[in-house]
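Keep in mind that what you see is a predicted model, and the values were worked out from it rather than measured. Chain letters run A, B, ... following the sequence lines, proteins first, then strands; residues in each count from 1.
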Amino acid sequence: MRWANMLELRAISKTFGAIVVADAIDLTLASGEALGVIGPNGAGKSTLFNLITGLLRPNSGRIVLDGVDITNLSPEARCRAGIGRSFQIPQPFDHLSVFENLAVAALFGGGLSEADAIQHCGRMLDLTGLEAKANRLAGSLPLLDRKRLELARALATRPRTLLLDEIAGGLTEAECHELVETIRTIHAEGVGIIWIEHVVHALLAVVQRLVVLNFGKVVAQGVPGEVMRSREVETIYMGVPA
Amino acid sequence: MSVESIPIPASREDRSLEVPVWQMRVGTRLSRIAAVIGVVVVLALAALPAIASRNLIQDLIFVLTMLTLAQLWNALAGWGGLVSVGQQAFVGLGAYALFAGIVMLGLDPVVAIPLAGLFAALIAAVLGPLLFRLEGPYFAIGSWVAAEALRLICAQFKSLGGGTGMSISPGELSQMVGLKTVQALLGLRPAAARDVLVYWLALALAVLVTLGIYAFMRSRMGLALAASRDNAAAARSVGVRTARIRHALWIAVAFATGMVGAMVYLQKARISPDAAFSVTDWTAYVIFIVVIGGVRTIEGPMVGVLLLWGLVTYLAQYGSLYLVVLGSLAILIMLFMPKGVWGEVARRRHVQLFPTQRWLARSR
């Protein structure tokens with residue numbers, strides 16, 4: 001049995017002192033949906049991911065996954081419940097090899113046996129184009145490969161909901177196209193995706209719905225094309241007075 | 001409703017996997033040769049008391065106990081990222097628990113050693129949650145403060161000699177389990193036989209601790225520990241219970257450290273709070289061994305302890321100049337070989353006697 005909404009944020013608020021980074025955010029991700037999130041720097045996009053994955057606790061509001069309240073679960077328990085993420089600034093395990101970075105994710109987050117984890121990691125390295133560098137230390141990778149590693153490691157946890165934080169930034173046109181294809185493949189397998197991205201054309205090639213965040217609030221959401229033409233987006237990005 | 005009750009959709013169920021495409025290996029041919037040599041060395045060391053002088057046995061007790069402490073600190077700080085400068089707390093607690101067991105409870109010393117380890121582990125389990133609220137340098141200082149506090153507490157026990165310490169008379173140790181056998185076997189007087197017995201115990205513990213740490217680092221929990229050290233937030237985000245792993249490591253290291261303390265002071269038969277809780281003897285030297293030998297390797301502490309032994313042996317006659325040389329050497333090695341002597345050899349020659357990296361390759 002599946003719920004219509006796999007992930008629900010109900011009136012999530014978070015403040016750092018006087019600064020409001022999430023202001024009563026209501027957000028749902030339907031089962032297998034691909035959702036894009038845009039917004040200016042400091043709008044609270046990465047904070048949103050930290051709230052969903054549990055690295056930050058909200059001041060108020062609930063987070064519900066498949067009908068279960070996960071607001072008080074630890075990040076590690078949320079990962080095992082099926083939420084995988086990539087970090088905007090890559091956070092590799094520097095002294096472990098690329099393969100070992102994935103292996104720890106597959107064994108713990110993915111709950112796989114060692115034999116299954118090896119095969120799963122191999123497939124994910126193949127999918128993300130990192131197989132040739134599987135045995136290099138993650139700390140020795142150039143930035144683009146670190147970004148690939150973020151995606152590969154998140155996939156190694158076998159997520160049902162995948163949170164991607166600006167993974168297309170800095171890619172060439174060809175690399176960006178490849179990445180879009182990879183994410184489409186993942187999405188086609190039934191994985192729900194929330195993708196924060198400034199490279200809007202890559203985002204629009206994948207997502208079915210778009211949310212615009214500003215000052216910790218959802219200011220617009222809906223069909224991507226319409227949202228991009230909306231007054232709110234124009235105001236934020238072009239400075240056109242509302 | 002708990003997490004376990006979340007239904008698992010089809011996409012997360014195990015698909016029946018096809019023929020394995022990838023395979024993983026850890027060992028190398030060199031590591032298998034090293035294993036054989038290791039067995040031979042351990043057997044030779046075990047047989048050594050038959051021919052060795054009492055002086056050499058006492059030196060080797062120093063080498064083996066320092067090696068064990070170095071391996072334990074390397075596991076804690078090198079692999080676990082828990083840079084403690086308070087490990088003397090557990091040496092001291094183990095030593096005091098041993099003396100308390102012998103003097104107050106009338107236990108046999110050999111039986112008291114594992115109990116001393118358990119006592120140290122118990123205190124570590126209580127201290128852990130407090131110290132883990134601190135991170136990095138604050139944790140280091142906190143662990144030192146905790147050790148100092150424990151030293152002061154131990155000095156309050158009048159029945160254990162208070163601040164000046166106490167000795168155990170040879171008579172009390174003469175009935176020790178195994179002592180008569182060793183005396184008969186090697187034809188030794190009780191005092192020399194006690195050294196041999198402690199030497200064998202220290203050898204056994206050094207081997208067990210080294211192999212235990214090696215097996216742990218190659219296991220899935222070792223992988224999780226290394227991930228937690230490199231990036232705790234990322235490790236939690238891929239499903240690793242970082243706090244639990246660190247706490248378990250901290251307790252296990254304290255258990256073995258307590259047993260080392262008990263063995264060292266069983267051989268010395270004299271204890272004082274200042275000696276048993278000495279930050280220089282039980283932490284500074286230990287860090288020196290690991291840093292000059294090579295952090296995060298099993299070989300590093302072995303190389304480091306032999307270097308320290310050599311320096312102690314040949315420089316002891318120069319008095320305090322010896323500490324100056326030791327300090328200068330540590331600084332030079334840190335500057336020019338940041339990975340330590342063994343780390344440098346491993347980097348240049350690509351040799352690893354105890355490899356831990358998991359290599360992935362396609363099967364065909």
Is there a side-chain contact between R220(B) and F108(A) in this structure, where contact means two heavy atoms from C-beta onward sitting under 4.5 Å apart?
yes
Taking NZ in K14(A) as the centre, count heavy atoms belonging to other residues, nucleotides or ligands within less than 6.0 Å. Is the count above 12?
yes
Looking only at atom types and distance, does a side-chain atom of N135(A) sit under 3.5 Å from a main-chain N or O of W359(B), one as donor and one as acceptor?
no
Taking atom CD as the centre, does E135(B) end up with more than 12 heavy-atom neighbours from other residues, nucleotides or ligands that are less than 6.0 angstrom away?
no
One should read off an interatomic distance between R229(B) CZ and H95(A) NE2, to the nearest 0.5 angstrom, of 6.0 Å
Within the side chain of R80(A), is there an N or O that forms a donor-acceptor pair under 3.5 Å with the backbone of G239(B)?
yes
Can you tell if the side chain of E76(A) reaches within under 4.5 Å of the side chain of V240(B), non-hydrogen atoms only?
no
From CA spacing to verdict: side chain to side chain contact (heavy atoms under 4.5 Å, CB included), Q23(B), I118(A):
CA-CA 7 Å; Q23(B) 58 180 13; I118(A) 294 165; 5.6 Å; no
Audit row: V238(B), F93(A), side chain to side chain contact (heavy atoms under 4.5 Å, CB included) steps and yes/no
CA-CA 11 Å; V238(B) 297; F93(A) 305 127; 4.1 Å; yes
Using heavy-atom distances under 4.5 Å, tell me whether A235(B) contacts chain A through its side chain, its backbone, both, or neither.
both
Side chain / backbone / both / neither for T356(B) at chain A, heavy atoms under 4.5 Å
backbone
For L332(B), is the CG atom crowded, meaning more than 12 foreign heavy atoms sit under 6.0 Å from it?
yes
Donor-acceptor check, side chain of Q91(A) to backbone of N231(B), threshold 3.5 angstrom: yes or no?
no
R358(B) side, atom CZ; C121(A) side, atom SG - distance, nearest 0.5 Å
11.5 Å
How about CZ on F16(A), more than 12 heavy atoms from neighbouring residues, nucleotides or ligands closer than 6.0 Å, or not?
yes
Calculate, to the nearest 0.5 Å, the distance between atoms CD and OG belonging to Q119(A) and S363(B) respectively.
6.5 Å
With side chains defined as the heavy atoms from C-beta onward, is the minimum distance between F87(A) and S237(B) less than 4.5 Å?
yes
R136(A) atom CZ: more than 12 heavy-atom contacts under 6.0 Å:
yes
Is L360(B) close to L125(A) at the side-chain level, that is, under 4.5 Å between some pair of heavy atoms?
yes
Counting heavy-atom pairs under 4.5 Å with chain B, the top scorer among A134(A), G84(A), S97(A) is S97(A)
Using non-hydrogen atoms and a 4.5 Å limit, figure out which bit of E114(A) sits close to chain B: side chain, backbone, both or neither.
side chain
L107(A) versus L223(B), closest heavy-atom pair with distance:
CD1-CD2, 4.1 Å
Heavy-atom side-chain proximity of F99(A) to M24(B) below 4.5 angstrom:
yes
Give, for atom CZ of R236(B) and atom SG of C79(A), the distance between the pair rounded to the nearest 0.5 Å.
11.5 Å
Which atoms of A103(A) approach chain B - backbone, side chain, both or neither, heavy atom under 4.5 Å:
both
For the candidates D126(A), T53(A), V98(A), L137(A), which exhibits the highest count of non-hydrogen atom pairs separated by less than 4.5 Å from chain B?
D126(A)
